[in-house]
Amino acid sequence: FKFAKINNNIITINKSFSISKKIEIPEGYRINIKPGVKIFFKNDGQLISHSPFNAKGNKTDFIHFIGQKNNKGILFINTNFSSTFEYVKFYGIDNFTDELRNIPGAITFYQSDVVFDNTVFDTNYSGDDLLNIVRSRFTINNSKLINSNADALDSDFSSGIIYNTK
């Protein structure tokens with residue numbers, strides 16, 4: 001990948017790029033995303049990850065996941081380790097669909113623990129949920145969930161803490 005460096009089992013994404021098909025990351029990796037990176041989902045772009053993400057932007061340099069025309073959502077499934085998203089913005093992501101699944105959430109964590117800090121979830125054009133968390137532990141702090149089609153957050157069979165969040 002031109003936008004990433006791979007060293008053993010660590011994938012570091014340090015450049016912006018577009019996804020226009022299904023990208024599936026197998027288990028056994030750790031994905032680090034550097035501040036300022038923008039990931040665009042367009043046409044049939046979708047992401048499935050069986051590995052945890054460490055996406056840490058900062059106050060002046062957010063990381064962006066931007067949905068464009070007809071994207072197919074983001075799914076984290078059975079990641080084994082917790083993901084962290086700090087100073088991240090998700091915008092315009094559609095619900096996750098593929099040949100096997102039609103999930104109501106735009107960003108879904110299934111059996112994948114996650115921490116969100118200073119994260120913005122804004123606008124899902126299809127599906128019900130901006131953020132769908134299933135059978136997972138989670139923390140959401142200093143974050144915003146806005147312009148949802150239906151439920152901003154749907155948590156099923158999960159346990160979590162939410163504070164300073166709108």
Side-chain angles (χ1 to χ4, degrees), residues 1 3-14 17 19 22-39 41 45-59 61-67 71-91 93 95-96 98 101 103-122 124 127-146 148 151-166:
F1 299 113
F3 53 84
K5 292 181 182 177
I6 302 172
N7 185 4
N8 295 321
N9 66 336
I10 298 172
I11 299 172
T12 301
I13 299 172
N14 53 17
F17 66 98
I19 297 174
K22 181 192 290 187
I23 300 288
E24 188 159 0
I25 301 169
E27 66 180 300
Y29 290 91
R30 292 195 181 263
I31 293 76
N32 296 326
I33 304 177
K34 297 294 185 182
V37 167
K38 292 178 174 72
I39 301 173
F41 294 81
Q46 71 180 163
L47 175 66
I48 302 172
S49 184
H50 302 271
S51 292
F53 273 44
N54 182 34
K56 291 187 177 182
N58 58 56
K59 283 183 182 182
D61 219 1
F62 274 71
I63 294 166
H64 297 263
F65 292 80
I66 302 167
N71 69 84
K72 304 277 184 164
I74 301 171
L75 172 62
F76 291 85
I77 185 167
N78 301 319
T79 60
N80 294 327
F81 296 98
S82 184
S83 290
T84 302
F85 295 85
E86 293 179 9
Y87 293 99
V88 173
K89 293 182 180 178
F90 294 92
Y91 177 81
I93 306 295
N95 70 302
F96 185 89
D98 67 9
R101 300 163 280 227
I103 298 172
I107 301 118
T108 299
F109 288 80
Y110 182 84
Q111 295 182 173
S112 300
D113 297 343
V114 63
V115 174
F116 296 105
D117 192 21
N118 291 291
T119 297
V120 177
F121 302 88
D122 186 358
N124 58 322
D128 291 339
D129 314 318
L130 267 172
L131 177 59
N132 190 4
I133 302 174
V134 183
R135 298 183 191 276
S136 305
R137 291 176 300 182
F138 66 92
T139 301
I140 303 173
N141 181 44
N142 295 321
S143 296
K144 292 182 185 177
L145 295 101
I146 54 177
S148 177
D151 302 331
L153 169 64
D154 189 353
S155 168
D156 300 308
F157 311 106
S158 297
S159 63
I161 299 170
I162 301 171
Y163 50 97
N164 299 323
T165 294
K166 299 178 183 183

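Here the structure is a predicted model, which means the values were calculated and not measured.
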Query raised in the report: Is there a side-chain contact between Glu86 and Asn118, using heavy atoms and a 4.5 Å cut-off?
Result: no
Report task. Taking the side chain as every heavy atom from C-beta outward, state whether Asn95 and Asp128 have any atom pair closer than 4.5 Å. Result -> no
Requested in this report: If the plane angle is over 60° it's perpendicular, under 30° parallel, otherwise tilted; pick one for Phe53 and Phe76.
Outcome: perpendicular
Query raised in the report: Given the rule in the side-chain contact (heavy atoms from CB on, under 4.5 Å) test, do Tyr87 and Lys56 qualify, once you have shown the distances and angles that lead to the verdict?
Result: CA-CA 6 Å; Tyr87 293 99; Lys56 291 187 177 182; over 6 Å; no
Requested in this report: Would you name the heavy atoms of Ile63 and Ile33 that are closest together and state the gap between them?
Outcome: CD1-O, 3.4 Å
Requested in this report: Could you tell me if the ring centre of Phe138 sits under 6.0 Å from that of Phe109?
Outcome: no
Query raised in the report: Considering only heavy atoms from C-beta outward, does the side chain of Val134 approach that of Ile103 to under 4.5 Å?
Result: no
**Report entry** Minimum side-chain heavy-atom gap Leu47-Ile25 below 4.5 Å
**Finding:** yes
Query raised in the report: How about Lys72 and Asp98: do any of their side-chain heavy atoms sit closer than 4.5 Å?
Result: no
Query raised in the report: Do the side chain of Ser136 and the main chain of Ser112 share a donor and acceptor less than 3.5 angstrom apart?
Result: yes
**Report entry** Pairwise distance CG(Asn54) to OG1(Thr84) - rounded to 0.5 angstrom
**Finding:** 5.5 Å
Requested in this report: Check whether any side-chain N or O of Asn58 sits under 3.5 Å from a backbone N or O of Asp61 as a donor-acceptor pair, and report yes or no.
Outcome: yes
Requested in this report: Let me see the working for Phe121 and Phe85 under ring-ring contact (aromatic ring centres under 6.0 Å, His included), right down to the final yes or no.
Outcome: CA-CA 11 Å; Phe121 302 88; Phe85 295 85; 8.2 Å; no
Query raised in the report: Are the side chain of Ser143 and the backbone N or O of Val120 linked by a donor-acceptor pair below 3.5 Å?
Result: no
Requested in this report: Would you indicate whether the side-chain heavy atoms of Glu27 and Asn78 approach each other to under 4.5 Å?
Outcome: no
Requested in this report: Find out whether Ile10 and Asn32 are in side-chain contact, i.e. whether some heavy atom of one side chain is under 4.5 Å from a heavy atom of the other.
Outcome: yes
Query raised in the report: Between the side chain of Asn141 and the main-chain N/O of Asp117, is any donor-acceptor distance below 3.5 Å?
Result: no
Query - Student check: side-chain heavy atoms of Thr165 and Leu153 closer than 4.5 Å - result: no
Report task. Would you please test Asn124 and Asp129 for side-chain contact (heavy atoms from CB on, under 4.5 Å) and show each step? Result -> CA-CA 8 Å; Asn124 58 322; Asp129 314 318; 5.6 Å; no
Requested in this report: Take the angle between the ring planes of Phe3 and Phe17 and call it parallel below 30°, perpendicular above 60°, tilted in between.
Outcome: parallel
Query raised in the report: For Pro26, does its backbone N or O pair with a side-chain atom of Ser51 as donor and acceptor, under 3.5 Å?
Result: yes
Query raised in the report: Taking atom NZ of Lys144 and atom CG of Asp122, what is their separation to the nearest 0.5 Å?
Result: 9.5 Å
Query raised in the report: So among Leu131, Thr139, Asn142, which one has a side-chain contact (heavy atoms from CB on, under 4.5 Å) with Phe116?
Result: Leu131
Report task. Dump the intermediate steps for side-chain contact (heavy atoms from CB on, under 4.5 Å) on Thr119 and Ile140, then the final yes or no. Result -> CA-CA 8 Å; Thr119 297; Ile140 303 173; over 6 Å; no
